[in-house]
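A short write-up of the structure that comes next.
We count residues from 1, following the sequence as given.
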Amino acid sequence: MKRLIASVFLAGFLTACGGVRDDPAAAVSQEGQSQSQGLSETAPIGSIAEDFVKLALGVGQYDPDYVDAYYGPEAWADAVASDAKSLEQLIQDAESLLERLAAVNAATPSARGAKLKKVLVAARTRLQMAAGETFSFDDEARLLYDARAPQYDIQTFDKALADIDALLPGEGSLEERMNAFRAQFAIPAENLSAVFDAAIAECRKRTLAHYDLPENERFTLEFVADKPWSGYNWYRGDYESLIQINTDFPISIDRAIDLGCHEGYPGHHTQGVINERDLLGKNEWIEYSVFPLFSPAAFIAEGTANYGIELAFPGDEKLAFERDVLFPLAGIDPALAEQLDRLNEAWRPLSHLSNHVGRLYLDESIDREAALGMLMKYGMRSRERAEQSVAFIEKYRAYVINYNLGLEIVDEFMKRRTAAGEDPWSAFQTLLSEPLSPSDLQADE
């Protein structure tokens, strides 16, 4: 992600959902161009945007995870750190900014202003949470991410378990059979660097075939441990990222492309570069000098990062590259690749499991032990892996919807655009470079 990939046992990022709606993004594109051309038009909102950046830095004083990336003026960060405001004052500042923005949006409606309003609402909500106010899972999703997660039928998960059970005959519990099967695909520690280097290089090559990124864009790859996530992109500005991969548990061979696309190309690193170069640099929209993790921007960032896997490796191309290149690099039998792919396909209906468990647990409908039990049963995870997943839910709360629901909403948007004849890479770039919110992407009912 900039952001993080929730820890999951199987690769389940490719769920798709249909939908029909007139596309709002075409108007957004024209609006964004007109805004960047007229200084008198952008001056009032520019002042609010500057104050939002300073507010966001203030939120970060109380909410350490809130500022995921900042590459604005160092003096602003220094000033906020040396003269920290109280939570109450920051909440008042957020309210004042919302009032000022409402007046600007009423006089000169714009996609930029609409997006900034939702980001400000999310900032105010995180401040209220830091001050002790509690929200339901669904209210968090709406206020922070401009999204509504559906309710889930446990029978859907039960059917998926039955389908997976049929694919894994043998003795022992389903979890034991799953663990035994998946163990065949763990990348040996001594081969991790070679596999990830090859995977990310291919993700990058396929992205650069469509996007003209700056010559000095770059990243550093690190393997780390003791994290609640499986991968993280720390965008540092000046077109540079630090990509970290968590090695707490063995990494399956099919995760290399997923993480390479999600964290790198055309995912979070690519989005960070485009945001910095185009939205901050060319448009001079200062609000893009900060990336607030708990915001509608994160929903789209996670959804696009997951969709980027299918964009870069459409159809059977991911399977083919894994089988022909990555499996041999890892020392894993390529003949097993198609069986793994079938199993991952059967797992897709379980991709929303974290949403279901997160809602029940955070709303106190179930306790921690029950949450662990559901993740172990339906995720077919060991207790240790389930503990990591619960730790993620406890730390990031409703953020879990951004991966699966974010993917589905991006997928719907992409299907509408490509059905209308647009090149998929062009449609995807709209998501990376326009001031869109999740509700802008969704189909009218």
Side-chain angles (χ1 to χ4, degrees), residues 1-3 5 13 23-33 35-36 68-69 71 111-112 114-116 118-119 145-146 203-204 206-214 217 219 233 235-237 239-241 243 260-285 287-293 295-314 402-403 406-418 422-442:
M1 94 175 154
K2 286 210 130 230
R3 282 72 24 193
I5 292 186
F13 294 129
D23 191 353
V28 169
S29 180
Q30 294 176 358
E31 224 172 73
Q33 292 174 9
Q35 281 191 338
S36 62
D68 189 73
Y71 35 94
R112 182 189 181 191
K115 171 72 173 290
L116 189 52
K118 291 175 181 177
V119 173
Y145 309 116
D146 187 37
C203 297
R204 184 175 186 270
R206 290 171 179 241
T207 299
L208 291 180
H210 300 275
Y211 295 158
D212 183 19
L213 299 182
E217 63 83 15
F219 69 91
N233 178 298
Y235 189 74
R236 292 175 160 177
Y239 310 141
E240 180 181 10
S241 288
I243 296 175
C261 286
H262 185 106
E263 305 297 351
Y265 306 86
H268 295 321
H269 172 68
T270 303
Q271 182 179 43
V273 169
I274 290 175
N275 279 351
E276 184 179 7
R277 182 191 64 189
D278 297 344
L279 297 175
L280 178 61
K282 293 180 182 177
N283 288 4
E284 298 183 350
W285 290 353
E287 64 267 34
Y288 287 93
S289 67
V290 65
F291 189 94
L293 186 64
S295 73
F299 184 95
I300 291 180
E302 299 296 3
T304 53
N306 278 346
Y307 186 88
I309 303 165
E310 173 65 23
L311 180 69
F313 293 85
N402 295 347
Y403 303 103
L407 170 60
E408 290 187 358
I409 288 176
V410 167
D411 182 67
E412 292 171 2
F413 172 88
M414 292 292 295
K415 284 178 178 175
R416 292 194 302 274
R417 296 293 286 259
T418 56
E422 187 171 356
D423 172 75
W425 285 89
S426 174
F428 189 79
Q429 188 164 3
T430 298
L431 295 167
L432 302 184
S433 59
E434 300 289 355
L436 295 166
S437 293
S439 57
D440 296 326
L441 308 185
Q442 298 181 63

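Counting heavy atoms from C-beta outward, Phe413 and Asp440 have side chains that stay 4.5 Å or more apart. Counting only heavy atoms from C-beta outward, the side chains of Glu412 and Leu441 never approach each other to under 4.5 Å. Using a 4.5 Å heavy-atom threshold, the side chains of Leu432 and Thr270 count as touching. Residues Gln429 and His210 fail the side-chain proximity criterion, which asks for heavy atoms closer than 4.5 Å. Under the 4.5 Å side-chain criterion, counting only non-hydrogen atoms from C-beta, Arg236 is not in contact with Ser241.
For the atom pair CG (Asp411) and OG1 (Thr304), the distance works out to 12.5 Å, reported to the nearest 0.5 Å. Considering CD of Glu434 and CD1 of Ile274, their distance stands at 11.0 Å, rounded to 0.5 Å.
A salt bridge is defined here as a Lys NZ or Arg NE, NH1 or NH2 lying under 4.0 Å from an Asp or Glu carboxylate O, and Glu287 with Arg112 meets this definition.
Relative to the ring axis of Phe313, Arg206 places its NZ or CZ within 45° and under 6.0 Å from the centre.
Checked by atom type and distance alone, the side chain of Asn283 never pairs as donor or acceptor with a backbone atom of Trp285 at under 3.5 Å. Side-chain atoms of Asp68 do not come within 3.5 Å of backbone N or O of Leu293 as any donor-acceptor pair. The main-chain N or O of Ser437 is never found under 3.5 Å from a side-chain atom of Lys115 such that the two would form a donor-acceptor pair. With hydrogens and angles ignored, the 3.5 Å screen pairs no side-chain donor or acceptor of Asp146 with any backbone N or O of Pro296. At distances below 3.5 Å, at least one donor-acceptor pair connects side-chain atoms of Glu276 with backbone N or O atoms of Tyr239. Looking at Tyr211, its side chain does come within 3.5 Å of a backbone N or O of Trp425 through a donor-acceptor pair. Tyr71 contributes a side-chain N or O that, together with a main-chain N or O of Tyr288, makes up a donor-acceptor pair within less than 3.5 Å.
A donor atom on one side chain and an acceptor atom on the other are not found under 3.5 Å apart for Lys118 and Ser295.
Residue Ala301 comes nearest to Phe291 through the heavy atom pair CB-CZ, 4.1 Å, listed as atom of the first residue, atom of the second, then distance. Between Leu431 and Ile300, the shortest heavy-atom distance links the atoms O-CG2, 4.0 Å. Smallest separation of non-hydrogen atoms from Ile243 and Phe219: CD1-CD1, 3.9 Å. Heavy-atom minimum distance, Phe299 versus Pro438: CD2-CG, 3.4 Å. Summarising the geometry of Cys261 relative to Gly308, their closest heavy-atom pair is SG-O, 4.1 Å, with the distance given to 0.1 Å.
Among residues two or more places apart in sequence or in another chain, the ring-ring contact (aromatic ring centres under 6.0 Å, His included) test is passed with Tyr145 by Tyr399. Here Glu217 pairs with Arg204, Tyr265, His269 under the side chain to side chain donor-acceptor pair (under 3.5 Å) rule; sequence neighbours left out. Evaluation of the side chain to side chain contact (heavy atoms under 4.5 Å, CB included) rule for Ala427 yields Met414, Arg417, Glu422 as partners, not counting sequence neighbours.
Relative ring orientation between Tyr307 and Phe428 is described as parallel, the plane-to-plane angle staying below 30° on a 0-90° scale split at 30° and 60°.
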Assess the residue pair Leu311 and Thr207 against the criterion (side chain to side chain contact (heavy atoms under 4.5 Å, CB included)); give the C-alpha distance rounded to whole Å, side-chain angles, the decisive distance to 0.1 Å, and a yes or no.
CA-CA 9 Å; Leu311 180 69; Thr207 299; over 6 Å; no

